[in-house]
Undergrad: 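Take a look at the following structure, please.
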Amino acid sequence: MVVLTNPSLDQIPLLKSAKQIPHISYVPTIDLSKPEPALSIVNACKSFGLFKVTHHGVDMELVERLEEGAREFFSLAQSKKERWAAAKAPMGYGNKCIGLNGDMGWLEYLLFAIKNSAVDQVSMPGFEVSSRMFCSALNEYITAMRDLASQILQQIANGLQIQTEDVFSSLIENEESDQILRLNHYPPCPRLKSGVTGFGEHTDPQLISILRSNSVGGLQFALKDGRWVSAPPDPNSFFVIVGDSLQVLTNGRFKSVKHRVVAPEHSSRLSMIFFAGPPLSQRITPLPELMQEGEESMYREFTWGEYKKAAYKTRLADYRLGHFEKATYNQIMNRDCSLQ
């Protein structure tokens with residue numbers, strides 16, 4: 001059994017509103033094998049900011065190979081894992097501390113920066129025998145996730161009736177695109193109380209994120225009324241999460257969704273998240289093709305690099321887009337009503 005080290009469990013907060021989660025869980029499910037899924041995807045992005053895709057074409061044997069390699073690494077002695085943390089910071093291995101601003105959760109993780117469509121050759125002290133196979137699985141998985149993300153972003157463009165089908169997908173297919181792969185491991189939490197934070201509530205700053213987990217639950221997302229809903233685990237499917245950048249590109253038609261993970265009580269949860277971001281120099285501003293006559297941008301223009309830098313200075317639960325908005329709440333609500 002993996003036992004996480006300092007900081008202590010007592011320093012990890014309990015989730016807010018843990019007892020207010022509805023018993024009925026629902027996530028929009030999109031079957032990518034069916035013709036013309038674009039409208040269903042767009043409706044899910046507008047209503048929930050999150051959906052699940054099935055019949056996605058990703059080789060599940062590849063997913064199992066990556067999961068096996070991740071489990072092998074996380075089962076190493078803590079001292080061996082910590083050696084890779086020091087060698088690759090701020091990427092590499094992390095334990096309980098999330099980011100640099102004091103957020104903590106009951107997890108350990110591996111974080112990989114993706115350069116030129118691949119991760120650098122992985123060299124992990126104490127993991128040398130398996131690191132080459134692990135790196136191979138990582139890069140195959142990254143290719144599969146980029147292809148899936150591109151397919152979904154093209155469907156979004158189609159559903160929004162944008163003539164340029166690759167207006168979104170081209171942003172993540174560029175050699176300079178800024179992308180990350182994260183592997184999270186949540187060991188069983190020894191605390192008797194339920195609702196320990198595994199990963200605190202947050203939105204993702206990129207365009208979209210694609211998450212896959214094993215059969216252990218814990219993922220929750222927030223509805224528009226503030227209630228939290230559990231997303232039942234489905235190891236054969238992928239969850240797609242709208243990010244802040246896509247919210248801006250659609251001028252608020254899509255909303256990035258707050259989500260979090262509850263620490264498991266009995267079994268380990270292992271998840272893989274691919275974050276699809278644009279090049280650092282990419283301007284993030286509402287697409288002219290979506291703007292109606294007289295509609296104004298709700299956000300001031302910025303580059304992905306500027307937003308990423310600002311996001312990394314905040315706490316997880318902070319509303320990061322607030323610093324980039326130029327419309328008041330009432331203006332936003334009036335605009336939303338006029339579009340319905």
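As the structure is a computational prediction, the values presented were derived from the model and not from experiment.
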Undergrad: Testing the basics here: between S268 and P187, what is the closest heavy-atom pair and its distance to 0.1 Å?
TA: OG-CA, 3.8 Å
Undergrad: Can you confirm whether the side chains of S177 and E173 place a donor and an acceptor under 3.5 Å from each other?
TA: no
Undergrad: Of R71, K81, K96, which is the lone residue that meets salt bridge (charged side-chain N to carboxylate O under 4.0 Å, His left out) with E108?
TA: K81
Undergrad: In terms of side-chain geometry, is the basic nitrogen of E67 or R212 positioned less than 4.0 Å from the acidic oxygen of its partner?
TA: yes
Undergrad: Show your reasoning for whether side-chain contact (heavy atoms from CB on, under 4.5 Å) applies to N184 and V261.
TA: CA-CA 10 Å; N184 288 338; V261 175; over 6 Å; no
Undergrad: Counting C-beta onward and ignoring hydrogens, is there a side-chain heavy-atom pair between L287 and T250 closer than 4.5 Å?
TA: no
Undergrad: Do F134 and F73 have ring centres separated by under 6.0 Å?
TA: no
Undergrad: Please determine whether side chain to side chain donor-acceptor pair (under 3.5 Å) holds for the pair S150 and Q154, giving the CA-CA distance in whole Å, both sets of side-chain angles, and the decisive distance to 0.1 Å.
TA: CA-CA 6 Å; S150 295; Q154 288 173 10; 5.6 Å; no
Undergrad: Would you sort out whether I241 and V257 count as a side-chain contact (heavy atoms from CB on, under 4.5 Å), showing the intermediate values?
TA: CA-CA 7 Å; I241 301 169; V257 62; 3.7 Å; yes
Undergrad: So which atom in C189 and which in W106 form the shortest heavy-atom distance, rounded to 0.1 Å?
TA: CA-NE1, 3.5 Å
Undergrad: Do NZ/NE/NH1/NH2 and the carboxylate oxygens of E61 and R65 come within less than 4.0 Å?
TA: no
Undergrad: Check K258 against E201 and note the closest heavy-atom contact, atom names and distance.
TA: NZ-OE2, 3.0 Å
Undergrad: Shortest non-hydrogen contact from A144 to L62?
TA: CB-CD2, 4.3 Å
Undergrad: Could you pull out the closest heavy-atom pair between K308 and L280, with the gap in Å?
TA: CD-CD2, 4.1 Å
Undergrad: If you measure from CG on N251 to CD on E295, what distance do you get to the nearest 0.5 Å?
TA: 5.0 Å
Undergrad: Could you report the tightest heavy-atom contact between L316 and D103, atom names first, then the distance?
TA: N-OD2, 2.9 Å
Undergrad: Begin with the C-alpha distance, continue with both residues' side-chain angles, and end with the deciding distance and a verdict on side-chain contact (heavy atoms from CB on, under 4.5 Å) for L32 and I41.
TA: CA-CA 10 Å; L32 293 182; I41 291 176; 4.3 Å; yes
Undergrad: Sort out for me which residue in I172, L207, D178 forms a side chain to side chain contact (heavy atoms under 4.5 Å, CB included) with P278.
TA: L207
Undergrad: Is there a donor-acceptor contact under 3.5 Å linking the side chains of Q78 and Y93?
TA: yes
Undergrad: Is the charged tip of R182 near the ring of Y109: under 6.0 Å from the six-membered ring centre and within 45° of its axis?
TA: yes
Undergrad: From the options R315, R260, H259, R320, select the one residue that forms a side-chain hydrogen bond (donor to acceptor under 3.5 Å, both in side chains) with H202.
TA: H259
